[in-house]
Amino acid sequence: MRPDAAEADRNAAVRKAARAWKKAGVIDDAALAKIEAACPDDRVRVGPVFRVLLFIFTLVGINAGFGFILLFFSDAGEYAFATLALVVGAGLVFLTELQTGLFKRAQGGTEAATSFAALGFLAGGSTWIFSEMMGVSFDDVLLAELILLTLLCAAAAWRWGYPFYAAVSVATLLGVLAHLPAARLFWIALAVLAAPVLLRLEDSPRLPPALRASATAALVTALAGLYIAVNLQSFDLG
Amino acid sequence: MNPDVADAIPRLTEAGILPPEAAPRLLRVARRELVSVRRELRFVLYLGVLLLTGGVGLLVKENLDRIGPVAIAAGIGLAAAAALFWVWRVAPPFSRGEAASPNLAFDYMLLLGVLLVAADLAYIEVQLSPLGANWPWHFLIVSLLAAAAAVRFDSRIVFSLALASFAAWRGVSVARFGADVLDASGAVRWNALACGVFFILLGLVLRHAGFKAHFEPVAVHLGWLLVLGGLASGIGEENWPAWAGALLLVGMGLAVGAFRFRRFPLFAYGVIGGYLGLTRFIFAGDEVLGCFWISFSAILIVLGLVFAQRRMREPLE
């Protein structure tokens, strides 16, 4: 994460705790105001309802806009879709960086939507390239996409601090490992090896709260993989 | 552990912002030496209620021939009575306003008792048909019983169950609405609209009268969802312009009203409903215009929402 975003995230955690203390009656309004002054928030944040609305409509706008532009390239051949998807995906990455950097948005809905759409378009464009333009088989396309998504989501979680991407990254990694022989053992090994590291990262003071939450999300996903790997029903289903 | 909060507590205590006597306990919470499991307990209790009532249904279905209808009805009735008796014993005195639950399990035991009563009545109706051709009236009976329990024992969960049962009595069930919403007959749609209006008015009356005023959001939210859902179900019909127009006007009106009174979820319903209504008109045209409209209008909505949230100032949590 950006250093300024990480600092803002830390301050936000203290402010959130302070609001909980106020609700519990431990501190009064004056003390809450002093804590908020001591831990200032320079980010643009919105409440949960607006966050959801902004996320939904931003995503709708991006996808509809892409569809609209694609209509003008419908005769340009199979390269048009893939190229356009990759260009739009890269543009959305830049837009997300702009929002989280220059415009200092966090918990704003729009930057989450552009990040989500960016990953979608990058994955979609690359899938088209692998399957339609390079003629790769379905299984190989799937494997390539899982590897790509693992890397993209891990990078997104690290840069933007969304725990959801950390969970998806681990889930797609499990998907990659599922292609290997003795996949079950790899799933177990992943959880066993990653758990101590992720547990330490969960409580690490070096990481801001968003990245600690990402470590938790990754850990939960890895443990879910472990559960599936050792579950009797998964043996029955093969 | 929350290292940032754990680091901040000593600093804030030294600065005199945090009371020194509170600091040790807050530090234990920040270091996760003291962990609240309230949320997890509530979730497990709710899950337990759902599993129990589901299990009762399954038990009845698989053992009907062996146990017999009277024994089953009596068994479910006894279980419901036991749950409600416990609730009655520990319940605080009746209050016109909000009453604190005596313990964590109270609301869930009440919900369990009411659900078992509803299951028992449904079972008796299926087996013995006391209401005959008027069998839907059993939903009204369940609704009235649940409403009485909700008011006496101050439970919003049971109040929402009462409202849902009432809507079911009027022929609007969740499953049916979800499956047939685009083909919903006129009767179902008008029932949904009438129920929705009734729930909204009920909520307003409760708040105005100061009688269980905290039930108002339950009634109003469900009411508006029924109204907007009822109107939206008409946008696939032949006379869709009337329904789409109504959805647009009602949605916009709701959004404007909710903006004024800072009712954030209602504002969201209004924006989405109004947008759907307007988009239906645009989609009557061609696909190029439709795509352009959606992308352009979505950007306008985003800008409008950014403006609106600055005025409404929704709390972050």
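Chain identifiers are assigned alphabetically (A, B, ...) following the order of the sequence lines, protein sequences preceding nucleic acid strands; residue numbering begins at 1 within each chain.
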Check: Which class fits the ring pair A:Y165 and A:Y162: parallel under 30°, tilted 30 to 60°, perpendicular over 60°?
Finding: perpendicular
Check: Can you say whether B:I301 sits under 4.5 Å from chain A via the side chain, the backbone, both, or neither, judging by heavy atoms?
Finding: side chain
Margin query: Please classify the contact of A:A17 with chain B as side chain, backbone, both or neither, using a heavy-atom distance under 4.5 Å.
Written below: side chain
Item checked: Selection from A:G109, A:A64, A:A18 maximising heavy-atom pairs under 4.5 Å formed with chain B -> A:A64
Next item on the list: Verify the ring-centre separation between B:Y269 and B:W224: is it less than 6.0 angstrom?
Entry: no
Notebook entry, point to check: When you look at A:E202 and A:T216, which way does the side-chain hydrogen bond (donor to acceptor under 3.5 Å, both in side chains) test go after all the steps?
Noted result: CA-CA 6 Å; A:E202 257 193 331; A:T216 305; 2.8 Å; yes
Notebook entry, point to check: Contact part of B:L26 toward chain A, heavy-atom cut-off under 4.5 Å: side chain, backbone, both or neither?
Noted result: side chain
Next item on the list: Heavy-atom pairs under 4.5 Å with chain A are the metric here; pick the option from B:I17, B:I294, B:V271 that has the most.
Entry: B:I17
Check: How long is the span from the OG1 atom in A:T110 to the CZ atom in A:R105, to the nearest 0.5 Å?
Finding: 3.5 Å
Note to self: Please confirm whether the ring centroid of A:F57 lies under 6.0 Å from the ring centroid of B:Y275.
What the structure shows: yes
Next item on the list: Report the option among B:Q309, B:R310, B:M1, B:R25 that has the most heavy-atom pairs separated by less than 4.5 Å from atoms of chain A.
Entry: B:Q309
Next item on the list: Please state whether the rings of B:F267 and A:F50 are parallel, tilted or perpendicular, taking 30° and 60° as the class boundaries.
Entry: tilted
Checklist line | Heavy-atom contact with chain A under 4.5 Å, split by part of B:L12 | finding: side chain
Next item on the list: Against chain A, label B:A268 side chain, backbone, both or neither, depending on which of its atoms sit under 4.5 Å from a heavy atom there.
Entry: both
Notebook entry, point to check: At a heavy-atom separation under 4.5 Å, does A:T58 approach chain B through its side chain, its backbone, both, or neither?
Noted result: both
Item checked: Ring geometry between A:F116 and A:F164 (parallel below 30°, tilted from 30 to 60°, perpendicular above 60°) -> tilted
Margin query: Counting heavy-atom pairs under 4.5 Å with chain B, which one of A:V44, A:V26, A:L207, A:V46 comes out on top?
Written below: A:V46
Next item on the list: Please step through ring pair (Phe, Tyr, Trp, His ring centres under 6.0 Å) for the pair B:H221 and B:F199, ending with a clear verdict.
Entry: CA-CA 9 Å; B:H221 285 213; B:F199 291 167; over 10 Å; no
Checklist line | Portion of B:A6 that has a non-hydrogen atom of chain A nearer than 4.5 angstrom | finding: neither
Check: Heavy-atom distance under 4.5 Å to chain B: side chain of A:L54, backbone, both or neither?
Finding: both
Next item on the list: Please look at B:R32 and chain A and tell me whether the side chain, the backbone, both or neither of the residue comes under 4.5 angstrom of a heavy atom of that chain.
Entry: side chain
Margin query: I'd like to verify something: which residue of B:S295, B:A298, B:P19 has the highest number of heavy-atom pairs under 4.5 Å with chain A?
Written below: B:S295
Next item on the list: Return the set of residues passing side chain to side chain donor-acceptor pair (under 3.5 Å) with B:T13 (not counting sequence neighbours), or none when no residue passes.
Entry: none
